[in-house]
Amino acid sequence: MNVADVSGVPEWVPGHLRDDGIEELYPPQAEAVERGVTEGESLVASIPTASGKTLIAELAMLASVERGGRALYIVPLRALASEKKREFDQFEEYGLSVGVSTGNYESDGDWLAACDIIVATSEKVDSLVRNGAGWLDDLACVVADEVHLVDDAHRGPTLEVTLAKLRRLNPDLQTVALSATIGNAGEIAEWLDAGLVDSDWRPIDLRTGVHYGQALHFDDGDTRELPVRSSERPTAAIARETLDDGGSTLVFVNSRRNAEAAAKRLASVTVGALTPEEEERLEAVAAEIREVSDTETSDDLARAVERGAAFHHAGCAGEHRSLVESAFRDRLIKLVAATPTLAAGVNTPSRRVVVRDWRRYDGSVGGMAPLSVLEVHQMFGRAGRPGLDPYGEALLLANSHDELDELFERYIWADPEAVRSKLAAEPALRTHVLATVASGFADSREALLSFLDRTLYATQTAEQGRLERVADNVIAYLVANEFLERDGDALRATSLGHTVSRLYLDPMSAAEIIDGLRGATDPTAMGLYHLVCRTPDMYDLYLRSGDREEYTMLAYEREAEFLGAMPSEFEEGRFEDWLSALKTARMLEDWASEVDEERIAERYGVGPGDVRGKVDTAEWLLGAAERLAGELDMGTAPAVHEARVRVQHGVREELIDLARVRGVGRKRARRLHDAGVETRADLREADKSVVLAALRGRRRTAETILENAGREDPSMDGVVADPEAAPAASTTPGGTEGGERADDDQASLGDF
DNA sequence: CATCTCGCGCTATAGACAGCATGTC
DNA sequence: CTATAGCGCGAGATG
């Protein structure tokens, strides 16, 4: 189909596509148009990655905007929200406005309502529904990206319920669901009353195969020997061959440690293929990586990057990840060893993909479990860069002939699994039942059940009554905790229930927090950190060997501080969980006591990404706790507030005031304080030479900070740093020496 | 002497959304 | 109280 033949879209669209070099639609895109996706028809598109899903969504959204409506694009990850926003910005020259809304980035409320296209995460959309955002009522088109994630036990139900709510709010809503190729796309389409495009078509060829011995065995029957090098590991041999052919390699492994080790080892392969110019540019990328954080992870990553390889996992800070992704896309980094983060994240195609580990530790089965076909195919799907590579190749590795056969059976020939709703589980229903009642979608048990009947779960289940049974348990729980009131069949959210729903807390988290705060008179920061770490909304650190003893001791030492009773040591599971929470809480306490990020990373065996993630979650939960304490008149609100602000800035109590000044983070605040400048008011009055010295003679920085503190005359012209006030090497209580770099002053946490 | 290879025992285990009110280099 | 593979270590072999 020619772009000129697409009906329903604004008249500038064909010309715009031609400018991008698009004359003809890909077959699945053409099929989508034939099914009326630009005429407001709902559609499920189950097609491989990189086969033009985004264009289908764009056409649908543009057509709905042309008809005078508004479009919402739902993504599973914050990183994808900004990626999509950037893509959609191309429409701004035609007068469309595009807005993003995620937890950490919110376009202003009114402005969002004026947008034609809005990109948001599923949780954010859920939250907007709960808070009654008015513009949701005049939505014409909703796009759900990666809709196969409804299969995810943790986050799938949110997407499922949110789609059901949006469709209920607006019965004429066009629903466009984009999915990887899955086993039961038809079922999804049926659920959404949508047409279906189900295709394996790809714009560039994908060859899949298994490496065994010294050879690659492909799905088309081809076999190719790899050039023999004495006992080189298979991954290295494959990477070398790809490199000789001018391509890049993406290696998927099953643990962070493996990712880091593989990157380090394989860097010795990539380093030989770099041109001097590339070396220079990689040097610059490595420098940026070191800027991000002072940790060993950061340094290891930079060292690998200098040699043309990188690792990628959730322990890396967000900036680490985006630096690696973009350098890989620019073909500067030749190889990335990644955990599954990368398969589901932003677009990072590669000539070759190697799925090195096809089993992964899974606590719920108590051992290693094979990856699903869907996951492996998603990883495979990263092979082949449109417009750059003639084809993509995706490989698994086998150690024996039997394994070779097994891998062909299990992954190469196999069709992906069917996607199954995970809604009928208590944790998922706990939060969604409360929200459904609180935001007016159901006012009785019966109405609730009939609402739930519109979910995917209801269309899939053979087991009648299960959903009802779980829902009843959940209702009983919510009533017992005074989030809901029941009167015969009628259900009503209490005022507390409304608050919990709007705060987006798991009701169980709210109950735990309320319970902990009720018994507290003068809680310590540690007590509060531990409290929020115990909630199901916090993802705790693992206990490693030796940790059990260490944290058991700590538990007794600081017993008086914990809110609520400590479980007995003999209650295996509960005690372990409680200790994990303690470990996480102590990490937060370290952070809020100005311990260096480097030291924290080392002490807890985590990466900078973990530290920031935990801090972020703690900040959120403490904010919610503060609200709850205020609402219930508990008098602990000020203590919660202080604990929250300390964790937010990573400072001790005495620096809170200083850290609130823009440009002043934990390190600068401490240096200023040491120099005798203790408050914002001091900053306005203090001797400039002292301020300058405390800021290590950085004039520009000092001027900006003084200006932000509200000083009348921030100029540093002619000021000389006071040597008396210069910071000593080690000023951080509880920490090691300060950083070595000249301008490392900020452990920037706000950039998330 | 430096580097590689083999085998054994030990060890550690993926991911990441949300409130609210403003502002990091 | 589950499973696995990768790593580090030491010993022996090779260039």
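In what follows, every chain begins at residue 1, and chains take the letters A, B, ... in the order their sequences are listed. In this text, all values refer to a predicted model and were calculated from it rather than measured experimentally.
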In whole angstrom, what separates [X]'s [atom1] from [N]'s [atom2]?
X	N	atom1	atom2	value
Ile513(A)	dA18(B)	CD1	C1'	13 Å
Asn708(A)	dC25(B)	CG	P	8 Å
Asp537(A)	dG15(B)	CG	P	19 Å
Arg359(A)	dG6(C)	CZ	P	11 Å
Arg666(A)	dC25(B)	CZ	C1'	17 Å
Ile705(A)	dG23(B)	CD1	C1'	14 Å
Gln648(A)	dG19(B)	CD	C1'	12 Å
Arg548(A)	dC1(C)	CZ	P	14 Å

For [X], answer base if it contacts any base atom (sugar-phosphate contacts may also be present), sugar-phosphate if it contacts only those atoms, and nothing otherwise; contact means non-hydrogen atoms under 4.0 Å.
X	answer
Arg360(A)	base
Val661(A)	sugar-phosphate
Asp362(A)	nothing
Gly613(A)	nothing
Leu505(A)	nothing
Arg700(A)	nothing

Could you tell me whether the phosphate oxygens of [N], OP1 or OP2, come under 4.0 Å of any side-chain nitrogen or oxygen in [X]?
X	N	value
Arg668(A)	dC25(B)	yes
Arg544(A)	dT11(B)	no
Thr617(A)	dA18(B)	no
Ser127(A)	dG19(B)	yes
Arg78(A)	dC17(B)	yes
Ser122(A)	dC17(B)	no

Is the shortest distance from a Lys or Arg side-chain nitrogen in [X] or [Y] to a carboxylate oxygen in the other one below 4.0 Å?
X	Y	value
Glu597(A)	Arg612(A)	yes
Glu594(A)	Arg666(A)	no
Lys422(A)	Asp151(A)	yes
Asp152(A)	Arg155(A)	no
Asp357(A)	Arg257(A)	no
Asp294(A)	Lys667(A)	yes

May I ask whether Tyr361(A) stacks on the base of dA14(B), given the cut-offs of 5.5 Å between ring centres and 30° between planes?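 Taking the rule of under 5.5 Å and under 30°, the ring of Tyr361(A) does not stack on dA14(B).
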Between [options], which nucleotide has the shortest distance from any of its atoms to the side chain of [X]?
X	options	value
Glu619(A)	dA14(B), dG6(C), dG19(B)	dG19(B)
Tyr542(A)	dG19(B), dA14(B), dG15(B)	dA14(B)
Arg662(A)	dC17(B), dG23(B), dG15(B)	dG23(B)
Thr341(A)	dG6(C), dG15(B), dG19(B)	dG15(B)
Met368(A)	dG19(B), dC17(B), dT4(C)	dT4(C)
Ala314(A)	dC17(B), dG15(B), dA14(B)	dG15(B)

Could you provide the dot-bracket string of DNA chain B, using ( ) for intrastrand pairs, [ ] for crossing pairs and | for bases paired to another strand, with Watson-Crick or G-U pairs below 3.5 Å? |||||||||||||............
What residues, two or more places apart in sequence or in another chain, satisfy side chain to side chain contact (heavy atoms under 4.5 Å, CB included) together with Asp537(A)?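 With neighbours one apart ignored, the set is Leu505(A), Asp506(A), Ser509(A), Thr535(A), Trp620(A), Leu621(A).
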Residue whose closest nucleotide on DNA chain B lies nearer the 5' end, Lys614(A) versus Gly623(A):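 Closest to the 5' end, via its nearest nucleotide, is Lys614(A).
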Assuming nearest nucleotide by heavy-atom distance, tell me which of Asn131(A) and Gly605(A) is located more 5' along DNA chain B.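 Its nucleotide being nearer the 5' end, the pick is Gly605(A).
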Do the side-chain N and O atoms of Glu160(A) and Ser421(A) include a donor-acceptor pair separated by under 3.5 angstrom?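 Glu160(A) vs Ser421(A): donor-acceptor pair found between side chains.
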Classify the side-chain pair Glu403(A)/Trp358(A) by whether it contains a donor and acceptor separated by less than 3.5 Å.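 A pair is found: one side chain offers a donor N or O, the other an acceptor, under 3.5 Å apart.
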For Glu296(A), look at atom CD and say whether over 12 heavy atoms of other residues, nucleotides or ligands are found less than 6.0 Å away.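 Counting other residues, nucleotides and ligands, CD of Glu296(A) stays at 12 neighbours or fewer.
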Using atom C1' in both nucleotides, what's the gap between dC1(C) and dA14(B) to the nearest angstrom?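 Those two atoms are separated by 22 Å.
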Sticking with atom P, work out how far dA3(C) lies from dG15(B), rounded to a whole angstrom.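 It comes out at 24 Å once rounded to the nearest Å.
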Taking only heavy atoms on the protein side, list every residue of residues 253-266 of chain A lying under 4.0 Å from any atom of DNA chain C, sorted numerically.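 Correct list: Asn258(A), Ala261(A), Arg265(A).
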Does Leu80(A) form a side-chain contact (heavy atoms from CB on, under 4.5 Å) with Glu83(A)? I'd like the steps, not just the answer. CA-CA 5 Å; Leu80(A) 286 173; Glu83(A) 189 188 45; 3.3 Å; yes
Measuring only between side-chain heavy atoms, which start at C-beta, is Lys583(A) closer than 4.5 Å to Tyr604(A)?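 Result yes, sub-4.5 Å side-chain heavy-atom pair found.
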